[in-house]
A.B. asks: 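The structure's right below; bear with me while I get my questions together.
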Amino acid sequence: NSVDFVEFFNKIIERFEMSKSQKVDFVRSMPNQEIFVSIDTDKITQVLDNIISNAMKYSPEGGTITFTVDIEEAANQILVSISDQGVGIPKSDLNKIFERFYRVDKARTRMLGGTGLGLAIAKEMIQAHDGDIWASSVEGKGTTIYFTLPISEEEQEGDWE
Ligand code: ATP
Ligand code: MG
């Protein structure tokens, strides 16, 4: 199922924007063109729902969440990132957050709820789409989750016809 990722992503962001009760600002940085990816939209919606809910969950009052999409032509993929200005994740935990049931601070995360499965599922789904997913973070400053998805050739208009 080939979709314009920019349009697809914006719809998901708008859904969060409408329903949020928290004071957080959303900033978007996306290409000014359609960019087709071949995805299971239900699964990638689930991936984005979890990453964005995490970002909201760990954001301070008045924090900014930044959504970006970059086209990496050489690798024929898009790079998607979601950044927050929340508590951050210690370096030693950065890979572990993609493991099942792993949660950084037991006391803190128990209070905030959740099972610790969201990112493990996200990783499985992104890998099933031939993408990668990883995190970078600075404690006390914020966290960025990145993932890639291959650009689908077939649906791009033009040059070979
Ligand atoms: P679930 O998603 O199943 O409801 P969860 O959100 O705790 O539970 P994951 O989404 O897998 O589980 O995240 C794993 C852990 O990684 C979290 O418990 C939290 O400790 C840490 N984490 C994830 N995203 C962020 C973030 N944006 N900022 C700070 N910590 C994060
Ligand atoms: Mg989660």
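Counting starts at 1 for both ligands and their atoms, in listed order.
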A.B. asks: So, regarding Val87 and ligand 1 (criterion: nitrogen or oxygen to nitrogen or oxygen, under 3.5 Å), is there a contact or not?
C.D. replies: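 N/O-N/O distance below 3.5 Å does not exist for this pair.
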A.B. asks: What do we get for Thr143 next to ligand 1 when only non-hydrogen atoms under 4.0 Å count, side chain, backbone, both or neither?
C.D. replies: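 It is the side chain that touches ligand 1; the backbone stays farther off.
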A.B. asks: For Ser29 and Thr68, which I'm curious about, is there any donor-acceptor pair between the side chains at under 3.5 Å?
C.D. replies: no
A.B. asks: Would you check if Val69 and Leu79 make a side-chain contact, meaning some heavy-atom pair closer than 4.5 Å?
C.D. replies: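 A side-chain contact is absent here, since even the closest heavy-atom pair is not under 4.5 Å.
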A.B. asks: Sorted by first residue and then second, give each salt bridge (charged side-chain N to carboxylate O under 4.0 Å, His left out) pair with at least one member in residues 1-10; sequence neighbours left out.
C.D. replies: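 Matches after skipping sequence neighbours: Glu7-Lys11.
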A.B. asks: Between Ser83 and Thr144, is any side-chain donor less than 3.5 angstrom from a side-chain acceptor?
C.D. replies: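 Ser83 vs Thr144: donor-acceptor pair found between side chains.
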A.B. asks: Looking only at side-chain N and O atoms, does Tyr102 offer a donor or acceptor that is under 3.5 Å from a partner on Asp93?
C.D. replies: yes
A.B. asks: Using heavy atoms and a threshold below 4.0 Å, how should the contact between Asp84 and ligand 1 be classified: side chain, backbone, both, or neither?
C.D. replies: side chain
A.B. asks: Could you check if a side-chain atom of Leu149 sits within less than 4.5 angstrom of a side-chain atom of Gln77, using non-hydrogen atoms only?
C.D. replies: no
A.B. asks: I need the protein N, O or S atoms closer than 2.8 Å to the Mg ion (ligand 2), given as residue plus atom name.
C.D. replies: Asn50 OD1, Asn54 OD1
A.B. asks: Between Phe67 and Phe26, does the ring centre distance come in under 6.0 Å?
C.D. replies: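 For Phe67 and Phe26, the ring centres are under 6.0 Å apart.
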A.B. asks: Would one find an N or O of Tyr102, backbone or side chain, under 3.5 Å from an N or O of ligand 1?
C.D. replies: no
A.B. asks: Is Gly116 in contact with ligand 1, taking contact as a heavy-atom separation below 4.0 Å?
C.D. replies: yes
A.B. asks: Do any nitrogen or oxygen atoms of Leu119 come within less than 3.5 Å of a nitrogen or oxygen of ligand 1?
C.D. replies: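 Yes, there is a polar N/O contact under 3.5 Å.
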A.B. asks: Who gets closest to atom 7 (O) of ligand 1 by heavy atom: Arg103, Gln85, Glu139?
C.D. replies: Arg103
A.B. asks: Do Ile35 and Phe8 have side chains that approach each other closer than 4.5 Å (heavy atoms only, starting at C-beta)?
C.D. replies: no
A.B. asks: State the atoms of ligand 1, each with its element, that fall below the 4.0 Å cut-off from a heavy-atom position in Asn50.
C.D. replies: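 Near Asn50, the atoms of ligand 1 are 2 (O), 10 (O).
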A.B. asks: Is there side-chain contact between Glu99 and Leu119, with heavy atoms separated by less than 4.5 Å?
C.D. replies: no
A.B. asks: Checking the N or O distance criterion of under 3.5 Å, is ligand 1 in contact with Val104?
C.D. replies: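 The answer is yes, given that Val104 and ligand 1 share an N or O pair closer than 3.5 Å.
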A.B. asks: Please round to the nearest 0.5 Å and tell me the distance separating atom CG of Asn54 and atom CD1 of Ile82.
C.D. replies: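 With rounding to 0.5 Å, CG (Asn54) is 10.0 Å from CD1 (Ile82).
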